[in-house]
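Here's the structure, in structure tokens; my notes come after.
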Amino acid sequence: MPSFDRVAVVGAGPAGAFLSRLLSDAGFEVEVFEVLPRLAVKPCGWATPYTIESFFKVPEDAVLCEVRGYRVYVEGRVEKEGWGRKYGYIVDKEKLLEHLLEGITLRRRGVDPARLEGYDLVVDARGHVAYSGVKARALQAIVRGVSVGDGDSIEIFFESEFVGYSWVFPLGGSRVKVGVGGLAEFDVLRARLHSLLRVLGRPQVERVEGGLVASGGLVPQGSVPRVGEALGAVMPLSGEGIRPGMLSSLALFRSLTTGSKFARELEKTGLPLNIRVQLAVLRRLKSLPPKGRAELFRSAPVEILECVTAGCVTPAFIAKAMARWPLFFAKLGLPARAKPQG
Ligand SMILES: Cc1cc2nc3c(=O)[nH]c(=O)nc-3n(C[C@H](O)[C@H](O)[C@H](O)COP(=O)(O)OP(=O)(O)OC[C@H]3O[C@@H](n4cnc5c(N)ncnc54)[C@H](O)[C@@H]3O)c2cc1C
């Protein structure tokens, strides 16, 4: 049986809120600390792939839109697209967090997890501020007067001038989020955002927000256990952190309640392998000039692209893909049968 009863979770993002829900439902006494006055203030595109459903049912009223199509552009041309099935969701993150925290004590103040006393267990879920690895930057504008497809598809613009991409995500009606993120300075991202807004016909901008994203992969656990972005549970290339953060919380919950090692539980979720794969691709993209990056992306089989971005890469998938697309793996710098290194 676990040797703890009172738990403090510091940070009410997806990782902290999901861990709190799991622990509270299992009968533990949980208190959550959140420094900001509202939930989901942190800039985020609110997109999550359908693979979240393998462990969590997104509440209906927290779904802004089911994503049923995507288009990826390289230098103004559509290079990859997919239609006609569910690729993921745009969630209302505030509603999602409210659901997760229902009935759980939420204290609106900032605390240092290492100094918090009076609890049997303290968990650090403070997001990127607590992450010690490499961080990418992202900027996004919430705009009115733009519609994408039938309002249920997303648009991605592969960037070759820097390692990153831009996005247009629907928010319902004619509101969308237009963002750009990657390994570039904010000045570069700002210029790119403005050129994208020009292409979209200079829509009315409600606000522009920016932030950092952990992109260096998982870091070792410290004396205070970490989940979510604090642990580096973010897909390094796509910057997706909602589902990975929640998966890391599931792993910590299982480890705490069964006594099994956290690293083992985390590995079982498939998250570390998927992070290692994205890190390997990220490294390759960094090593190439802009033209080489665009070419590499153009030559990527859509099946690989979809699997890598949905976070559902398995060792079996890698083996099959290497046998089927050896030339692409050679371009990636991963010879057949080589394991992507973390
Ligand atoms: C512009 C942008 C767009 C993004 N788009 C997407 C996307 O579309 N899909 C996706 O999956 N991911 C996206 N991400 C990444 C995603 O937002 C994060 O990875 C994810 O929210 C991390 O969840 P978390 O719970 O670990 O941390 P966070 O969501 O960052 O939550 C941490 C919480 O801790 C609080 N906190 C910090 N310090 C303290 C303290 N001392 N005391 C108390 N509370 C504290 C913070 O206020 C915050 O609420 C995006 C990121 C950016 C910057």
Side-chain angles (χ1 to χ4, degrees), residues 1-42 44 52 55-59 62 91 93-132 214 218-234 241-269 271-272:
M1 281 297 288
S3 58
F4 61 93
D5 186 34
R6 279 196 82 202
V7 186
V9 176
V10 183
F18 188 49
L19 179 68
S20 307
R21 176 83 274 143
L22 292 170
L23 287 168
S24 173
D25 286 353
F28 297 96
E29 198 185 320
V30 185
E31 286 176 32
V32 182
F33 291 85
E34 171 53 55
V35 68
L36 294 176
R38 275 188 61 193
L39 296 172
V41 169
K42 182 196 131 66
C44 180
I52 193 171
F55 66 96
F56 177 71
K57 166 106 184 72
V58 182
V91 295
K93 201 171 173 185
E94 189 173 5
K95 281 219 175 90
L96 174 69
L97 296 178
E98 279 168 6
H99 270 288
L100 291 173
L101 292 168
E102 217 173 296
I104 296 172
T105 306
L106 178 59
R107 306 207 180 282
R108 306 272 184 180
R109 68 184 162 96
V111 291
D112 178 349
R115 290 165 187 242
L116 207 51
E117 289 178 351
Y119 298 90
D120 304 319
L121 175 73
V122 178
V123 178
D124 188 349
R126 288 177 297 160
H128 75 80
V129 292
Y131 179 66
S132 53
L218 294 161
V219 291
Q221 281 290 27
S223 50
V224 176
R226 279 177 282 200
V227 288
E229 202 161 336
L231 180 71
V234 177
I242 299 173
R243 179 193 60 94
M246 290 171 71
L247 263 183
S248 70
S249 296
L250 182 62
L252 183 65
F253 171 74
R254 286 179 177 157
S255 156
L256 291 170
T257 51
T258 63
S260 122
K261 284 211 159 55
F262 173 65
R264 189 178 147 74
E265 290 301 328
L266 196 61
E267 204 63 53
K268 273 164 53 184
T269 67
L271 184 62

Return yes when atom CZ of Arg264 has more than 12 non-hydrogen atoms of other residues, nucleotides or ligands closer than 6.0 Å, and no otherwise. no
Determine whether a donor-acceptor pair (N or O, by modelled atom type, separation under 3.5 Å) exists between the side chain of Ser248 and the backbone of Gly228. yes
Does the side chain of Leu116 reach to within under 4.5 Å of the side chain of Phe33, using non-hydrogen atoms? yes
Side chain to side chain contact (heavy atoms under 4.5 Å, CB included) between Val7 and Asp120: does it pass, once the steps are laid out? CA-CA 6 Å; Val7 186; Asp120 304 319; over 6 Å; no
Distance, nearest 0.5 Å, that separates CG of Leu247 from OG1 of Thr269: 5.0 Å
Does a sphere of radius 6.0 Å around NZ in Lys261 hold more than 12 heavy atoms from other residues, nucleotides or ligands, not counting ones at 6.0 Å or beyond? no
Are any of the side-chain heavy atoms of Ile242 and Met246 separated by less than 4.5 Å? yes
Got a second to check how far Leu252's CG is from Leu231's CG, nearest 0.5 Å? 9.0 Å
I need the Leu121 CG to Arg6 CZ distance, nearest 0.5 Å. 12.0 Å
Heavy-atom check, side chain of Leu96 versus side chain of Pro14, under 4.5 Å: no
Side-chain contact, heavy-atom cut-off 4.5 Å: Asp25 with Phe253? no
State, to 0.1 Å, how close Ala114 and Val224 come at their nearest heavy-atom pair, and which atoms those are. CA-CG2, 4.1 Å
Quick one: OG on Ser20 to CG on Leu100, what's the gap to the nearest 0.5 Å? 8.5 Å
CZ of Arg108 to CG of Leu106, rounded to nearest 0.5 Å, is 4.5 Å
Closer than 3.5 angstrom, by distance alone: can the side chain of Arg226 be matched with the main-chain N or O of Pro220 as a donor-acceptor pair? yes
Please determine whether side chain to side chain contact (heavy atoms under 4.5 Å, CB included) holds for the pair Val227 and Val9, giving the CA-CA distance in whole Å, both sets of side-chain angles, and the decisive distance to 0.1 Å. CA-CA 10 Å; Val227 288; Val9 176; 5.7 Å; no
Return the CD to CG distance between Glu34 and Leu101, rounded to the nearest 0.5 Å. 9.0 Å
Would you say Glu265 and Ser260 are linked by a side-chain donor-acceptor pair, where the criterion is simply a distance under 3.5 Å? yes
When every non-hydrogen atom of Val219 is compared with those of Ser132, the smallest separation belongs to CG1-OG, 3.8 Å
Parallel under 30°, tilted from 30 to 60°, perpendicular over 60°: which one fits the rings of Phe4 and Phe28? parallel
Determine, stepwise, if the pair Thr105 / Arg107 fulfils side chain to side chain contact (heavy atoms under 4.5 Å, CB included). CA-CA 7 Å; Thr105 306; Arg107 306 207 180 282; 3.7 Å; yes
Closest non-hydrogen atom pair between Tyr119 and Glu31, with its separation: OH-OE1, 2.7 Å
Between Val123 and Pro113, is any pair of side-chain heavy atoms under 4.5 Å apart? no
Which atom names give the shortest non-hydrogen contact between Lys42 and Glu229, and what distance separates them? NZ-OE1, 3.9 Å
Nearest heavy atoms of Leu271 and Ala233, plus distance in Å: CD2-CB, 4.0 Å
What is the minimum heavy-atom distance between Tyr131 and Gly232, and which atoms define it? CE1-CA, 3.3 Å
